[in-house]
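Below: the structure, in structure tokens.
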Amino acid sequence: MAGSKTPVPARPGPDTHRLPLGKAAGEPGPDGAPTQPARTGPSAAGNRLWTVLMLPGTLWMAAFLIGSLILVATLAFGTTDPLGNPRFGFNPENFAALAEPAYRAVMVRSLGYALLTCLICLLVAYPVAYAIALHGGRFKTLLIAAIVVPFFANYLVRMYGWSVVLSDDGPLLKALRGIGLVGDDAKVLQTGVGVVAGLVYGFVVFMIIPLYAALERMDVSLIEAGRDLYGGPLRTFVHVTLPATRQGAAAGCVLVFLPAMGDFVSAQLMGGPDQIMIGNLIQDKFFQGQNWPLGSALTMLMMAVLFLGMLGYLRRARKDEAEAVR
């Protein structure tokens with residue numbers, strides 16, 4: 001017919017001729033075109049590649065991490081000879097000795113210092129992460145780098161520098177004495193305040209980064225809607241921002257709590273005999289006391305506490321993921 005256009009068949013897309021159920025590859029589809037086999041996932045060669053790439057790290061972890069844990073666990077039941085050399089055996093008295101009041105006091109003190117460090121880091125890191133994530137603009141990367149790069153320095157060097165700042169003749173106490181806030185006999189070092197201050201300084205960056213990542217992912221329109229719904233900024237923060245960044249805060253608490261619990265440098269440089277932590281006891285048993293079995297038992301006790309903390313975090317994270325899916 002004049003003026004009529006011949007219909008042009010539609011060009012098949014990438015999913016047009018997928019293999020239907022019960023059809024073999026090559027059989028004609030509904031439009032007469034041969035069907036193609038559906039994609040079933042990564043190839044066998046890709047799986048082999050990932051296996052080869054993961055093999056070195058897996059062997060390294062198995063040899064040096066799991067192997068050392070097994071060694072410490074077995075040594076915790078050992079004994080020492082008259083010269084102080086460790087001997088493998090079965091001596092449960094090493095764990096019974098941990099129930100002594102002196103060891104219980106150190107364990108409770110370490111737990112209290114670690115929890116207080118988490119709380120202070122959370123209070124310090126939240127405003128910093130909030131300001132950078134929501135008000136940093138084009139300087140976000142620069143500000144994060146300014147926070148993270150100084151922590152690339154050696155931890156021991158940073159703790160020595162912090163002990164100078166907090167010393168009796170350091171700039172902090174001199175400034176506080178100059179404005180009359182503290183007396184001449186005020187001190188920070190050799191106190192629990194100094195130990196916690198060192199722990200906060202050493203690990204606060206581990207709280208800032210997860211909080212910043214959580215705030216960066218959060219939809220800003222939620223805050224604007226929260227202001228319209230709840231009114232004041234404090235109520236908006238409690239009902240909107242805090243629940244949205246709860247996982248970031250939990251991750252930061254875990255990253256701070258785990259190293260703070262076993263730290264011994266802060267207590268050694270900024271604390272006194274009454275501020276020793278479980279890390280100091282472990283160091284003393286291995287290097288000065290020549291009682292490796294008791295040091296191993298202390299290590300296993302500390303690892304059990306850390307494992308419980310990590311288990312609680314993982315269960316909470318799994319629960320939050322399940323609620324998010326609903």
Side-chain angles (χ1 to χ4, degrees), residues 100-132 143 146-209 211 233-234 237 249 252-253 255-284 287-288 298 302 305:
E100 296 179 3
Y103 294 121
R104 289 205 310 268
V106 172
M107 192 66 189
V108 171
R109 184 187 304 124
S110 302
L111 185 62
Y113 284 169
L115 293 175
L116 185 59
T117 300
C118 286
L119 178 61
I120 297 176
C121 285
L122 189 62
L123 296 177
V124 171
Y126 233 120
V128 175
Y130 188 93
I132 296 176
L143 292 173
I147 292 174
V148 174
V149 169
F151 285 85
F152 290 166
N154 183 270
Y155 178 71
L156 186 59
V157 173
R158 290 190 285 114
M159 286 297 104
Y160 270 117
W162 192 235
S163 65
V164 172
V165 174
L166 299 180
S167 63
D168 296 344
D169 297 327
L172 177 63
L173 287 180
K174 281 185 177 180
L176 294 178
R177 293 189 186 107
I179 60 178
L181 289 181
V182 297
D184 294 337
D185 57 344
K187 59 185 303 184
V188 177
L189 295 184
Q190 308 296 318
T191 64
V193 175
V195 176
V196 174
L199 293 174
V200 171
Y201 170 71
F203 303 118
V204 67
V205 68
F206 297 150
M207 184 72 75
I208 294 176
I209 298 302
L211 285 174
L234 181 59
F237 176 80
C253 289
L255 292 176
V256 171
F257 177 80
L258 294 182
M261 183 71 184
D263 184 84
F264 64 91
V265 176
S266 181
Q268 185 170 347
L269 295 180
M270 283 163 278
D274 296 331
Q275 286 81 40
I276 62 172
M277 300 175 63
I278 188 171
N280 302 100
L281 276 182
I282 294 173
Q283 181 195 30
D284 178 74
F287 293 101
Q288 297 179 8
L298 286 168
M302 184 184 67
V305 175

Listed by chain and number, what are the side-chain contact (heavy atoms from CB on, under 4.5 Å) partners of [X], not counting sequence neighbours?
| X | result |
| --- | --- |
| Phe287 | Gln283 |
| Val164 | none |
| Leu258 | Val254, Leu306, Met310 |

task = Please assess Ile132 against Ile147 for the test side chain to side chain contact (heavy atoms under 4.5 Å, CB included), listing each intermediate value before the final yes or no.
result = CA-CA 11 Å; Ile132 296 176; Ile147 292 174; 3.5 Å; yes
Please set out all donor-acceptor pairs under 3.5 angstrom arising from side-chain atoms of residues 265-279, sequence neighbours excluded.
| unit_1 | atom_1 | unit_2 | atom_2 | d |
| --- | --- | --- | --- | --- |
| Ser266 | OG | Val195 | O | 2.9 |
| Gln275 | OE1 | Gly272 | N | 2.7 |

Distance-only donor-acceptor hits, side chain of residues 172-186, under 3.5 Å, sequence neighbours excluded:
| unit_1 | atom_1 | unit_2 | atom_2 | d |
| --- | --- | --- | --- | --- |
| Arg177 | NE | Gly183 | O | 3.3 |
| Arg177 | NH1 | Asp168 | O | 2.9 |
| Arg177 | NH2 | Asp168 | O | 3.3 |
| Arg177 | NH2 | Ala186 | O | 3.2 |

Inter- and intrachain pairs under side chain to side chain donor-acceptor pair (under 3.5 Å), touching [range], at least two apart:
| range | result |
| --- | --- |
| residues 187-208 | none |
| residues 153-162 | Tyr155-Asp263 |
| residues 100-118 | Tyr103-Lys285 |

inquiry  = Phe237: which residues meet the ring pair (Phe, Tyr, Trp, His ring centres under 6.0 Å) condition with it, sequence neighbours left out?
reply    =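 Phe237: ring pair (Phe, Tyr, Trp, His ring centres under 6.0 Å) contacts with Tyr126.
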query = What pairs of residues pass the ring pair (Phe, Tyr, Trp, His ring centres under 6.0 Å) test when at least one of them lies in residues 179-200, not counting sequence neighbours?
reply =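 Every candidate ring pair (Phe, Tyr, Trp, His ring centres under 6.0 Å) pair involving residues 179-200 fails, so no pair, neighbours aside, qualifies.
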request  = Starting from the C-alpha separation in whole Å, work towards a yes-or-no answer on side chain to side chain contact (heavy atoms under 4.5 Å, CB included) for Met261 and Leu111.
outcome  = CA-CA 6 Å; Met261 183 71 184; Leu111 185 62; 4.2 Å; yes
query = Is the closest side-chain heavy-atom distance between Val204 and Phe151 below 4.5 Å?
reply =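 Yes, close enough: below the 4.5 Å cut-off.
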inquiry  = Rounded to the nearest 0.5 Å, what separates atom CG in Leu211 from atom SG in Cys253?
reply    =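 Between atom CG of Leu211 and atom SG of Cys253 there are 8.0 Å.
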Contact summary for Phe203 and Pro259, nearest pair of heavy atoms =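 Residues Phe203 and Pro259, closest heavy atoms: CE2-CB, 3.7 Å.
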key: Residue pair Val256, Val200: steps toward the side chain to side chain contact (heavy atoms under 4.5 Å, CB included) verdict   = CA-CA 9 Å; Val256 171; Val200 171; over 6 Å; no
